[in-house]
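Worth knowing before you read on, the calculation uses all heavy atoms, side chains too, and leaves out hydrogens, waters and symmetry mates. Numbers restart at 1 for each chain; the letters A, B, ... are given by sequence-line order, proteins then strands.
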Amino acid sequence: MFMKLLKNKIKSIFGTVFENQGLEPKEFEHLIQTPRDTNVCDLCIPCFSLAKIMKENPKIIAENLAKEFNEIMGTEVNVEALNGYVNFLSDSKWLVKKIFVDNYCFFEQINKNKILIEHTSANPNGPFHVGRARNAILGDALVRLNRDIGNDVIAEYYVDDMGKQVGILSWALENISSEEVNQILKSNNMDDLNPIWKNKQDHVRVRWYQAANILRKDNQKIEEELTEIINKSEEGDEEVLQQFKNAFQPILDGMLETLSELGIKYDSFTNESKFIIDGTVNEIMKRLEKSNLYGEAENGAKFLELSGKGVSGKSTKFFFQRGDGSSLYATRDLAYHQWKWGVSEKLINVLGEDHRLQSKQVSVALTELNIKCPEVVFYAFIKLPEGKMSTRRGNVVFMDDLIIEAQEMALKILSERKSNLNDDKRLKIAKSVASSAIRFNILKVSPEKGFTFKWEDALSFDADSAPFIMYSHARSCSIHEKVKSLELKEVDLEISEIEINESTSRLLRTILRYEDAVEKSVSENKPNHFCSYMLELSTSYNLFYRDSPIIKDEQINKFNYNVSEYSRKLLFRGCNALGLIPLESM
RNA sequence: GGGCGCAUAGUGUAGUGGAUAUCACGCUGGCCUUCUAAGCCGGCAACCGGGGUUCGAAUCCCCGUGUGCCCGCCA
């Protein structure tokens, strides 16, 4: 809701006004809403639904209500009737008082939670491509936004340290020579290893994974060997699990190095095998047998029948135990969820849209087990113009390559604009711009919408991008530095004497919507909303910057400086909440 | 065959029942001896089709079309 401050004020007199009109206030409080265009007013009440009840033209109802509100409201908020709406517009000086004198604080009234956000959890079998990285970027933004509100957040990576994928990798590293790998990939028209990544193990070892997938296609002997080690891993065999770990850990380290370039870090890593070893997977499987949905296949495999639970398709069975008694990925996921609820009060999972059915099955099973369900954020895939990205087939854009390209683009722009920087400074700016721009280009799109990756878009640093926001922040920093050098003497603000122009008024209103913007993104798990807000905040600051000089003839306009400083700090805070790097100059 | 997502200017997007449909790229015309022009100001251009619910639908429901994902005792 737009401006909590204003809404509370309207609510405080809402009852009196509506009672005077013979209406029960509680039934109509929900009518207070954000206008579509926030330049028209701050909050409004549409009167169309009242027309029927009051048997009156909405325009006239709005006029009557506006009159009543005006009589009680005082000068802090202007109330006007327009086109059947009651429009509320806060007085700019009231906003100035709230921000600069009363030091209004964001998120004071919100309940703080302990939240575990599980994101990325990509199988450690190769480098991040742009598609997989959408998960990490989204998840990390949710972590940051929740922290901005004041929630206590655990950023969690679930490591697939057992089963088929790492099994294949491990087998490949034991059984295929480097020469063979190169030869196999070459004869299958797969790209060579880019020399710049020759020391990065995720890029090196993924080639073994790819080669093994080609070799095992029609080779019964390899399949048998794989089955043996995979089975052992699923039984919790320590030796095999260690062998798997030796195979994937250098890859995982490489992947985390890539994410770290994008400012993404985790608080904890949990291994899938943990729940086999500690026995909770077995316990879960026993409990599931008591479910009304329980069924058994001819070979003893166990499942829940979900046809009555909104699941349909070729198969409506959710298998949680194989015929040989071993567990499946989803079963371990159930045990994992039980564990997660032990360490936090709220769970968020970030998953690709291919996991929609899986996630539904897990939710039904959790309900059968009397375990609460997590919130799940699904995102659509990023395609290439040539089609779907696939690590196995090598049809990918690596995040590492995108980062390098983005840095080079930023360096090129810098050399056109700023010739007086040394190389260190230049590289630091380029890295920050690249990382921020990549993150923002993914975050600004609503998670459920898929998009096609295009280099041209990914490397665009114009408006509607992170550098646009960072640039506004850098401008405010530049002013800050200049004012400091002029040694301003502290002078109290005399609100009554301040002149507030239109762009300043707009900026103040945008500032006070910060809270609502973060809350909306957090409650809906959609960082793209907050991206829009940050673009608006930057635009508002740019207009203020144009119209309201802070330093003129060596004199400092104290009020404008205060507004600029507040904006600078808020831009900084908002950048952090999205994982953009707010530079002081660029 | 079935299920689930998505469909808004040439392109990409915002919007979850209300005012003249947002922002950007693009095309086009302006603004740097003035706090960073990665900026600012003006113009062009859009709700997939058909029904329904409603005082009011881009938004909710139904049918269709297109597109993505899924339907494994894989992860």
Colleague: Using salt bridge (Lys or Arg N to Asp or Glu O under 4.0 Å), reason through Lys286(A) and Glu289(A) one step at a time and then give a plain yes or no.
Modeller: CA-CA 5 Å; Lys286(A) 289 221 165 61; Glu289(A) 288 180 28; over 6 Å; no
Colleague: Measuring from Thr34(A):OG1 to Lys7(A):NZ, what's the distance to the nearest 0.5 Å?
Modeller: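 Answer rounded to 0.5 Å: 8.0 Å.
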Colleague: Which residue, Ser532(A) or Glu584(A), contacts RNA chain B at a nucleotide closer to its 5' end, judged by nearest heavy atom?
Modeller: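 Of the two residues, Ser532(A) wins.
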Colleague: Give me the distance, rounded to whole Å, that separates rC31(B) from rA37(B) when you measure between the P atoms they each carry.
Modeller: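 One P to the other, the span is 16 Å.
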Colleague: Just N and O in the side chain of Asn542(A): are any of them under 4.0 Å from OP1 or OP2 of rC40(B)?
Modeller: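 Checking Asn542(A) against rC40(B): at least one side-chain N or O falls below 4.0 Å of OP1 or OP2.
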Colleague: If the C1' atom of rU34(B) is compared with that of rC40(B), how far apart are they to the nearest Å?
Modeller: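 Their C1' atoms lie roughly 14 Å apart.
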Colleague: Verify the contact: side-chain N or O of Arg546(A) to OP1 or OP2 of rG39(B), cut-off strictly under 4.0 Å; return yes or no.
Modeller: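 Arg546(A) to rG39(B) OP1/OP2: no side-chain N or O under 4.0 Å.
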Colleague: Taking the P atom in each of rU59(B) and rC48(B), what is the distance between them to the nearest angstrom?
Modeller: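 These two P atoms come out 8 Å apart once rounded.
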Colleague: In terms of side-chain heavy atoms of Phe468(A), which of rG15(B), rC40(B), rA75(B) is nearest?
Modeller: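 Nearest to the side chain of Phe468(A) among the choices is rC40(B).
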Colleague: Give me the distance, rounded to whole Å, that separates rA58(B) from rC74(B) when you measure between the C1' atoms they each carry.
Modeller: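 The answer is 41 Å between these two C1' atoms.
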Colleague: Which nucleotide sits closest to the side chain of Asp464(A): rA24(B), rA75(B), rA14(B)?
Modeller: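 So the nucleotide nearest the side chain must be rA24(B).
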Colleague: For the pair made of CE in Met54(A) and C1' in rC55(B), what is the distance, rounded to whole Å?
Modeller: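 Atom-to-atom, Met54(A) to rC55(B), this comes out as 16 Å.
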Colleague: Does any donor atom in the side chain of Ser435(A) or Arg439(A) lie under 3.5 Å from an acceptor atom in the other side chain?
Modeller: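 Arg439(A) and Ser435(A) do not have a side-chain donor-acceptor pair below 3.5 Å.
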Colleague: Using atom CD1 of Ile550(A) as one end and atom P of rU34(B) as the other, report the distance to the nearest whole Å.
Modeller: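 After rounding, the reported distance stands at 17 Å.
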Colleague: Among the nucleotides rU36(B), rC25(B), rA19(B), which one has an atom lying closest to any side-chain atom of Ser585(A)?
Modeller: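 Of the candidates, rU36(B) comes closest.
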Colleague: Does Ser465(A) place a side-chain N or O at less than 4.0 Å from the phosphate oxygens OP1/OP2 of rA24(B)?
Modeller: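 Answer is no, no contact under 4.0 Å.
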Colleague: Among rG72(B), rC70(B), rU16(B), which nucleotide has an atom closest to any side-chain atom of Lys314(A)?
Modeller: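 Shortest atom-to-atom distance from the side chain points to rG72(B).
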Colleague: When you get a sec, tell me which of rC35(B), rA75(B), rC70(B) is the closest nucleotide to the side chain of Leu328(A)?
Modeller: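 The nucleotide sitting nearest to the side chain is rA75(B).
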Colleague: Confirm from the modelled atom types if Asp462(A) and rA24(B) form a donor-acceptor pair under 3.5 Å, side chain to base only.
Modeller: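 In this structure, the two groups form no donor-acceptor pair.
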Colleague: Measuring from atom CG of Leu65(A) to atom CZ of Phe69(A), what distance do you get when rounded to the nearest 0.5 angstrom?
Modeller: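 The distance works out to 6.5 Å.
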Colleague: Could you state the atom-to-atom distance from NE2 of His355(A) to P of rG72(B) in whole Å?
Modeller: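 These atoms are roughly 15 Å apart.
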Colleague: Taking the side chain of Lys449(A) as heavy atoms from C-beta outward, which of rA19(B), rC35(B), rA7(B) is closest to it?
Modeller: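 Looking only at heavy atoms from C-beta outward on Lys449(A), the closest nucleotide is rA7(B).
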Colleague: Distance between the P atoms of rU8(B) and rG12(B), in whole angstroms?
Modeller: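 Result for the P pair: 7 Å, nearest Å.
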Colleague: Among rA75(B), rG72(B), rG12(B), which nucleotide sits nearest the side chain of Gln358(A)?
Modeller: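 So the nucleotide nearest the side chain must be rA75(B).
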Colleague: Return the value, rounded to whole Å, for the distance between atom CZ of Phe451(A) and atom P of rA7(B).
Modeller: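 These atoms are roughly 15 Å apart.
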Colleague: What distance do Asp333(A) atom CG and Ser121(A) atom OG have between them, rounded to the nearest 0.5 Å?
Modeller: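 Spacing of CG (Asp333(A)) from OG (Ser121(A)) equals 9.0 Å.
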Colleague: Hey, does Cys44(A) reach any base, or is it just sugar-phosphate, or nothing, if we go heavy atoms under 4.0 Å?
Modeller: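 Base contact - Cys44(A) has a heavy atom under 4.0 Å of at least one base atom.
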Colleague: Relative to each other, are the rings of Tyr379(A) and Phe381(A) parallel, tilted or perpendicular (30° and 60° limits)?
Modeller: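 Tyr379(A) and Phe381(A): perpendicular rings.
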Colleague: Using the P atoms only, state how far rA75(B) lies from rU67(B), rounded to an integer number of Å.
Modeller: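 It works out to 32 Å between them.
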Colleague: So which nucleotide does rG5(B) pair with, by the Watson-Crick or G-U wobble rule with both distances under 3.5 Å?
Modeller: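 The base-pairing partner of rG5(B), which may sit in any strand shown, is rU67(B).
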Colleague: With C1' as the reference atom in both, quote the distance from rG17(B) to rU53(B) in angstrom, rounded to an integer.
Modeller: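 It works out to 11 Å between them.
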Colleague: Just the atom pairs and distances: protein N or O near nucleotides 65-68 of chain B's N or O, under 3.5 Å.
Modeller:
{"from": "rG68(B)", "atom 1": "O2'", "to": "Glu353(A)", "atom 2": "OE2", "distance (Å)": "3.2"}

Colleague: When the P atoms of rA57(B) and rA21(B) are considered, how many whole Å apart are they?
Modeller: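 These two P atoms come out 14 Å apart once rounded.
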Colleague: Output yes when at least one side-chain N/O atom of Tyr545(A) is less than 4.0 Å from OP1 or OP2 of rA37(B), else no.
Modeller: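 So the side chain of Tyr545(A) is within the cut-off, an N or O lying under 4.0 Å from OP1 or OP2 of rA37(B).
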Colleague: Which atom pairs, one a donor and one an acceptor, fall under 3.5 Å between side chains of residues 317-331 of chain A and the rest of the protein, sequence neighbours left out?
Modeller:
{"from": "Lys317(A)", "atom 1": "NZ", "to": "Glu305(A)", "atom 2": "OE1", "distance (Å)": "3.3"}
{"from": "Gln321(A)", "atom 1": "OE1", "to": "Lys302(A)", "atom 2": "NZ", "distance (Å)": "3.4"}
{"from": "Arg322(A)", "atom 1": "NH1", "to": "Glu234(A)", "atom 2": "OE1", "distance (Å)": "2.8"}
{"from": "Arg322(A)", "atom 1": "NH1", "to": "Ser326(A)", "atom 2": "OG", "distance (Å)": "2.8"}
{"from": "Arg322(A)", "atom 1": "NH1", "to": "Ser327(A)", "atom 2": "O", "distance (Å)": "3.4"}
{"from": "Arg322(A)", "atom 1": "NH2", "to": "Glu234(A)", "atom 2": "OE2", "distance (Å)": "3.4"}
{"from": "Asp324(A)", "atom 1": "OD1", "to": "Ser326(A)", "atom 2": "N", "distance (Å)": "2.8"}
{"from": "Asp324(A)", "atom 1": "OD1", "to": "Ser326(A)", "atom 2": "OG", "distance (Å)": "2.7"}
{"from": "Ser327(A)", "atom 1": "OG", "to": "Arg332(A)", "atom 2": "NE", "distance (Å)": "3.2"}
{"from": "Thr331(A)", "atom 1": "OG1", "to": "Phe320(A)", "atom 2": "O", "distance (Å)": "2.7"}
{"from": "Thr331(A)", "atom 1": "OG1", "to": "Leu328(A)", "atom 2": "N", "distance (Å)": "3.3"}
{"from": "Thr331(A)", "atom 1": "OG1", "to": "Leu328(A)", "atom 2": "O", "distance (Å)": "3.3"}

Colleague: Counting only Watson-Crick or G-U wobble pairs whose two distances fall under 3.5 Å, which nucleotide matches rA24(B)?
Modeller: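 rU11(B) - that is the nucleotide pairing with rA24(B), both distances being under 3.5 Å.
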Colleague: Nearest of rG72(B), rG15(B), rU13(B) to any side-chain atom of Arg36(A)?
Modeller: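 Shortest atom-to-atom distance from the side chain points to rG15(B).
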Colleague: Now, which nucleotide makes the Watson-Crick or G-U wobble pair with rG17(B), with each of the two distances under 3.5 Å?
Modeller: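 Paired with rG17(B), as far as the under-3.5 Å criterion goes, is no nucleotide at all.
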Colleague: Given rC35(B), rC40(B), rG72(B), which nucleotide is nearest the side-chain atoms of Thr539(A)?
Modeller: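 Of all the options, the side chain of Thr539(A) is nearest to rC40(B).
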Colleague: Under a 3.5 Å limit for both distances, which nucleotide forms a Watson-Crick or G-U wobble pair with rU53(B), could you say?
Modeller: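 Pairing partner: none.
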Colleague: Please report whether the ring centroid of Phe530(A) lies less than 6.0 Å from that of Tyr533(A).
Modeller: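 Yes, ring centres under 6.0 Å apart.
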Colleague: Ignoring hydrogens and angles, are the base of rC73(B) and the side chain of Asn299(A) linked by a donor-acceptor pair under 3.5 Å?
Modeller: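 Result: at least one qualifying N/O pair found.
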Colleague: Using only modelled atom types and a 3.5 angstrom limit, is any donor from either the side chain of Glu272(A) or the base of rA75(B) paired with an acceptor on the other?
Modeller: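 Between rA75(B) and Glu272(A), which were checked side chain against base, a qualifying N/O pair under 3.5 Å is absent.
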Colleague: Atom CG of Asp161(A) to atom C1' of rA75(B): distance rounded to whole Å?
Modeller: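 Roughly 12 Å, once rounded to whole Å.
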Colleague: Who is the Watson-Crick or G-U wobble partner of rC35(B), with both distances under 3.5 Å?
Modeller: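 Looking at the geometry, rC35(B) pairs with no nucleotide.
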Colleague: Is the glycosidic torsion of rC69(B) within 90° of 0, making it syn, or is it anti?
Modeller: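 Classified anti.
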Colleague: Determine the interplanar angle of the Trp455(A) and Phe453(A) rings, folded into 0 to 90°, and report it as parallel if under 30°, tilted if 30 to 60°, perpendicular if over 60°.
Modeller: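 Plane angle over 60°, so perpendicular.
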Colleague: Within the 3.5 Å criterion, strictly below it, is a donor on Ser548(A) or Thr504(A) matched to an acceptor on the partner's side chain?
Modeller: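 Per modelled atom types, Ser548(A) and Thr504(A) side chains form a pair under 3.5 Å.
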Colleague: Parallel, tilted or perpendicular, judged at 30° and 60°: which one describes the rings of His473(A) and Phe572(A)?
Modeller: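 Rings of His473(A) and Phe572(A): tilted, as their planes differ by 30° to 60°.
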Colleague: Taking only side-chain N and O atoms of Lys52(A), does any of them lie within less than 4.0 angstrom of OP1 or OP2 on rC55(B)?
Modeller: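 So the side-chain polar atoms of Lys52(A) do come within 4.0 Å of the phosphate oxygens OP1 or OP2 of rC55(B), strictly under.
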Colleague: Heavy atoms from C-beta onward define the side chain here; which of rG39(B), rA75(B), rG72(B) lies closest to that of Tyr471(A)?
Modeller: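 Out of rG39(B), rA75(B), rG72(B), the nucleotide with an atom closest to Tyr471(A)'s side chain is rG39(B).
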Colleague: Which residue lies toward the 5' end of RNA chain B, Gly310(A) or Phe48(A), if each is placed at its nearest nucleotide?
Modeller: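 So the residue in question is Gly310(A).
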